J.: 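Here it is, the structure in full.
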Amino acid sequence: MLGRDGLRGMALVEGMHPVTRPVVPLPAAGKPVRSNGLGKPQVQRPSVSAATAGPSSLGAATILDRDTPSTAAPSSNGADPIDAQIAISNQNARIEGDNAEDWHHNALSVVVVGASGDLAKKKIFPALFAIFYEGMMPKHFNIYGFARSNMSDDEFRDLIAASLTCRVDQKEDCGDKMEYFLDRCFYQPGQYGSEEDFKKLSDRMTETEQHQNKADRVFYLSIPPSIFTQVAGAASKGASSPSGWTRVIVEKPFGKDTESFNKLSADLYQHLSEEQMYRIDHYLGKELIENLTVLRFANLVFEPLWSRQFIRNVQVIFSENFGTEGRGGYFDSYGIIRDVLQNHLLQIVSLFAMETPTSLAAEDIRDEKVKVLRNMLPINMDDVVIGQYKGRNKHGVKKPGYLDDKTVPAGSRCPTFCAMAMFINNSRWDGVPFLLKAGKALKSRTAEIRVQFRHVPGNLYSAKLNQDLDRAANELVIKIQPDEGIYLKINNKLPGLGLTLDQTKLDLSYSSRYKTHLPDAYERLILDVINGDKRLFIRNDELEAAWKLFTPVLQEIENREMKPELYPYGSRGPVGAHYLAAKYGVRWGDALANDI
Ligand SMILES: NC(=O)C1=CN([C@@H]2O[C@H](COP(=O)(O)OP(=O)(O)OC[C@H]3O[C@@H](n4cnc5c(N)ncnc54)[C@H](OP(=O)(O)O)[C@@H]3O)[C@@H](O)[C@H]2O)C=CC1
Ligand SMILES: O=C1O[C@H](COP(=O)(O)O)[C@@H](O)[C@H](O)[C@H]1O
């Protein structure tokens, strides 16, 4: 068992080595000032019309002048005013401070274990490149791939290059930057359980780290969960940093139920300390999820409404317009509940429903989130609807059913859709249904939070609303993807001489307000690991509480071999989901005909 020193053989205790954002050349006037309450230093820039400046992420504290829409005429230097403000805000994420010199001089090695895999290619390498592209990587960085497949460094670079894109608009030196980045990428083949092979990797890393005082190392375990523990063991013994910190990103799934989670957790603790582990849930890295706490806690108009007194129900909806084609093998042993609800949607609920944290520090936020999970009532099986998609042939276009996938066992009852109602048993949320819904092969790809408010009591205009009052109630929609935005449905008078009410929306569409590229969730999260910021990562006790809620449901479904309700590929999902909502007097907001 390890002590506080983290990985076996680590010379330094995680946390003894304070971390700052990388140094990037700043305008001459930018100068470091003292840290904010998060223990992070800030940079003061004269051009920010800000009360405070601070890091990005949940702790973002830079307040920008929002009077000028992005469509406004360019400023005198030709730059769009909001673009300019965003650029400054981004620069503020690259914090400098007392330890900036350390950061500047330390080497950083990022090892992607499972480098030949799907996630690595699709998300991790592009994210690492984007971080570098944005000038957020420490100066002395190197990237290492590790997997069993045999590859030379050059073949590895070709593999990575194929998935890198110059997504960051209007920058001209992308090609050069890509070359520079690829030159710093290396590949080490090896067996996952072999300490010797990780030592070989470590020796190669030492070569690129040797000119720096200290070397910090990040290991991203982008591998199947069945080998998490052996990799953690071999890597910690063979390749921990001898001089700096060592952090390990662990991908989901974190177990399949309470028992397997406890085992995985205990096994990982044999090799890694809690402090070193960054359990990733990429939904927490999405722009609108990060904004959730800002919306609620930085606006007087929302927080007072955030309770059973005003909110009738909350819906967290995830849908994809494609099936599990090609991933059926993995999916069939997990199903949609483990794949999406137990992690992504439940994390959103806990962040949404938590009490005001003492501060924006990671532990304060996670303390509040875990309380929500522990306060949840056991899920009632009558509040669970499961479905599985079947093939569809519409207008000559054939779509396969889940069971048509060759990698799916014949007759599988694995749910590809689930809707459920959950309740938080505390004074804020007592009796408010939290309706969660996730499905594959549905009508559209979307992820959103819908907050349906109560109707106006004694509404003077009830006769004018022409429908039931609940339908005319306000609804706040946080659109996580696509078309990121926030809108509030309100009742408004139609202009003119008559007195007719119109349901319309106050609309903050990100694409019209901010002409900036939204960073991918993995970019933000990997950068947070480099910066030692755990606010957007899951703590062990959160998972423990999550599995406590979901394990009985999964056991019921699996032991009773419950039959999922079939729904056609590309439809709105099983009808049962609508009955579930109706049971609580609610309509799914995404299914409303009047979803303006
Ligand atoms: N892909 C995705 O979209 C997402 C993935 N994840 C999680 O990320 C992790 C990686 O996912 P993904 O890249 O899709 O996984 P892959 O199945 O592509 O596996 C990654 C690499 O691991 C090695 N590998 C695969 N199967 C085995 C095995 N049975 N034993 C030993 N090594 C194996 C292979 O490398 P080699 O043979 O070269 O050693 C492979 O390239 C998983 O934990 C997954 O659950 C999470 C969210 C989304
Ligand atoms: O974790 C997962 O997420 C993806 C959806 O992620 P998104 O960022 O594209 O919305 C999902 O397709 C996959 O099944 C699941 O494992």
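Both ligands and their constituent atoms are indexed starting at 1 by order of listing. Keep in mind that the numbers below use all heavy atoms, side chains included, and drop hydrogens, waters and symmetry copies. Note that this is a predicted model, so its numbers are computed, not measured.
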J.: Under a 4.0 angstrom heavy-atom cut-off, which atoms of ligand 1 come close to K122?
T.: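 In order of numbering, the contacting atoms are 1 (N), 2 (C), 3 (O).
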J.: Which ligand 2 atoms, with their elements, are less than 4.0 angstrom from a heavy-atom of Q481?
T.: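 Under 4.0 Å from Q481, ligand 2 has these atoms: 7 (P), 10 (O).
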J.: Under 4.0 Å from a heavy atom of K252: give me the atoms of ligand 2 that qualify, with their elements.
T.: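 Per the distance check, 1 (O), 2 (C), 15 (C), 16 (O).
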J.: Could you tell me the residue and atom name of the protein heavy atom closest to atom 6 (O) of ligand 2, and the distance to it rounded to 0.1 Å?
T.: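 Ranked first by proximity to atom 6 (O) of ligand 2 is H282 NE2, 3.1 Å.
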J.: Can you list the ligand 2 atoms lying under 4.0 Å from a non-hydrogen atom of K440?
T.: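 In order of number, 11 (C), 12 (O), 13 (C), 14 (O).
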J.: For ligand 1, is any non-hydrogen atom under 4.0 Å from I227's backbone (N, CA, C, O), its side chain (CB onward), both, or neither?
T.: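 Answer for I227: side chain.
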J.: Can you list the atoms of ligand 1 that are under 4.0 Å from a heavy atom of D118?
T.: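 Ligand 1 atoms under the 4.0 Å threshold to D118: 1 (N), 2 (C), 3 (O), 13 (O), 14 (O), 18 (O).
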J.: Side chain, backbone, both or neither: which applies to R338 and ligand 2 if a contact is any heavy-atom pair less than 4.0 Å apart?
T.: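 Contact part for R338 vs ligand 2: neither.
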J.: Could you label the plane-to-plane angle of the F132 and F129 rings as parallel, tilted or perpendicular, counting under 30° as parallel and over 60° as perpendicular?
T.: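 Tilted.
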J.: Whether K390 and D404 form a salt bridge (side-chain N of Lys/Arg under 4.0 Å from carboxylate O of Asp/Glu) is what I want to check.
T.: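 Salt bridge absent between D404 and K390.
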J.: For atom 11 (C) of ligand 2, what's the nearest protein heavy atom and its distance?
T.: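 Here the closest protein heavy atom is E320 OE2, 3.3 Å.
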J.: Protein heavy atoms: any of them under 4.0 Å from atom 29 (N) of ligand 1?
T.: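 No, there is none.
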J.: Answer yes or no for atom 17 (O) of ligand 1: protein heavy atom present at a distance under 4.0 Å?
T.: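 Given the 4.0 Å limit, the answer for atom 17 (O) of ligand 1 is no, no protein heavy atom qualifies.
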J.: What atoms of ligand 2 come closer than 4.0 angstrom to any heavy atom of K286?
T.: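 Once the distances to K286 are compared, the set is 7 (P), 8 (O), 10 (O).
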J.: Just going by heavy-atom distances, which of P224, G329, G193, P253 is nearest to atom 22 (O) of ligand 1?
T.: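 Of the listed residues, P224 has the closest heavy atom.
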J.: Among E209, R217, R204, find the residue that satisfies the side chain to side chain donor-acceptor pair (under 3.5 Å) test when tested with S109.
T.: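 Among E209, R217, R204, the one that satisfies the side chain to side chain donor-acceptor pair (under 3.5 Å) with S109 is E209.
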J.: Under 4.0 Å, heavy atoms only, figure out whether ligand 2 is touched by the backbone of F331, its side chain, both or neither.
T.: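 For F331, there is no contact with ligand 2 at all, from either part.
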J.: Who's the nearest protein heavy-atom neighbour of atom 13 (C) of ligand 2, and how far?
T.: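 Going by distance alone, atom 13 (C) of ligand 2 is nearest to R327 NH1, 3.3 Å.
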J.: Judged on heavy-atom distance to atom 16 (O) of ligand 2, which of D339, I336, L119 sits nearest?
T.: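 Closest candidate by heavy-atom distance is D339.
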J.: Do me a favour and list the nearest non-hydrogen protein atom to atom 37 (O) of ligand 1 with residue, atom name and distance?
T.: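 Ranked first by proximity to atom 37 (O) of ligand 1 is R148 NH2, 2.9 Å.
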J.: Number the atoms of ligand 2 from 1 as they appear, then name those within less than 4.0 Å of a heavy atom of H344, with their elements.
T.: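 Close to H344: 1 (O), 2 (C), 3 (O).
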J.: Quick one: sort the H344 and H282 rings into parallel, tilted or perpendicular, breaks at 30° and 60°.
T.: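 Aromatic pair H344/H282 classed perpendicular.
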J.: Among protein heavy atoms, which lies nearest atom 38 (O) of ligand 1, and at what distance?
T.: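 The answer is S149 OG, 2.4 Å.
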J.: Determine, for K548 against E544, whether the closest basic-nitrogen to carboxylate-oxygen distance falls under 4.0 angstrom.
T.: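 Judged by the 4.0 Å cut-off on N to carboxylate O distance, K548 and E544 do not form a salt bridge.
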J.: Check D541 with R366, please: is the shortest side-chain N to carboxylate O separation under 4.0 Å?
T.: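 So R366 does not pair with D541 through a salt bridge.
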J.: Check this for me, if you would: do E448 and K437 make a salt bridge, where the nitrogen-to-carboxylate-oxygen distance has to be below 4.0 angstrom?
T.: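 Salt bridge flag = no for K437 with E448.
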J.: Can you find a heavy atom in the side chain of N142 that is under 4.5 Å from one in the side chain of R184?
T.: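 In short, these two side chains touch, coming nearer than 4.5 Å.
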J.: Could you find the nearest protein heavy atom to atom 45 (O) of ligand 1 and give me its residue, atom name and distance?
T.: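 Here the nearest protein heavy atom works out to K252 O, 2.9 Å.
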J.: Any N/O of L221 closer than 3.5 Å to an N/O of ligand 1?
T.: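 Between L221 and ligand 1, no N or O pair is found under 3.5 Å apart.
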J.: What protein heavy atom sits nearest atom 20 (C) of ligand 1, and how far away is it?
T.: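 Among all protein heavy atoms, the one nearest atom 20 (C) of ligand 1 is S222 O, 3.5 Å.
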J.: Can you find a non-hydrogen atom of Y283 under 4.0 Å from ligand 2?
T.: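 Within the 4.0 Å threshold, so yes.
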J.: Quick one: nearest non-hydrogen protein atom to atom 42 (C) of ligand 1, plus distance?
T.: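 It is I223 O, 3.3 Å.
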J.: Taking the ring of F125 and the ring of F181, is the distance between their centroids below 6.0 Å?
T.: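 Not under 6.0 Å, so no.
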J.: Measure from atom 41 (O) of ligand 1 to every heavy atom in S226, G145, S116, A120 and give the option owning the shortest one.
T.: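 Considering heavy atoms of S226, G145, S116, A120, the nearest to atom 41 (O) of ligand 1 sits in S116.
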J.: Less than 4.5 Å apart, any side-chain heavy atom of F186 and any of R157?
T.: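 Result yes, sub-4.5 Å side-chain heavy-atom pair found.
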J.: Report, in ascending order of atom number, the atoms of ligand 1 lying under 4.0 Å from any heavy atom of A147.
T.: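 Ligand 1 atoms under the 4.0 Å threshold to A147: 38 (O), 39 (O).
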J.: Taking non-hydrogen atoms only, is E251 closer than 4.0 angstrom to ligand 1 via side chain, backbone, both or neither?
T.: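 Side chain only.
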J.: Under a 4.0 Å threshold between the charged nitrogen and the carboxylate oxygen, would K200 count as salt-bridged to D197?
T.: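 Salt bridge present between D197 and K200.
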J.: Using a 4.5 Å cut-off on heavy atoms from C-beta on, say whether the side chain of E484 contacts that of K286.
T.: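 No, every pair of side-chain atoms sits at 4.5 Å or beyond.
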J.: Salt bridge between K534 and E275, side-chain N to carboxylate O under 4.0 Å?
T.: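 Looking at K534 and E275, the cut-off is not met.
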J.: Do me a favour and list the nearest non-hydrogen protein atom to atom 39 (O) of ligand 1 with residue, atom name and distance?
T.: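 The protein heavy atom lying closest is Y192 OH, 2.6 Å.
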J.: Please write down residue, atom name and distance for the protein heavy atom closest to atom 9 (O) of ligand 2.
T.: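 Heavy-atom neighbour on the protein nearest atom 9 (O) of ligand 2: R445 NH2, 3.4 Å.
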J.: What's the shortest distance from atom 4 (C) of ligand 1 to any protein heavy atom, and which residue and atom give it?
T.: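 Going atom by atom, the protein heavy atom closest to atom 4 (C) of ligand 1 ends up being L119 CD1, 3.7 Å.
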J.: Is there side-chain contact between Y187 and E155, with at least one heavy-atom pair below 4.5 Å?
T.: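 Heavy-atom side-chain distance check fails, nothing below 4.5 Å.
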J.: Indicate yes or no for a side-chain donor-acceptor contact from W245 to the backbone of G532 under 3.5 Å, with no hydrogens or angles considered.
T.: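 No.
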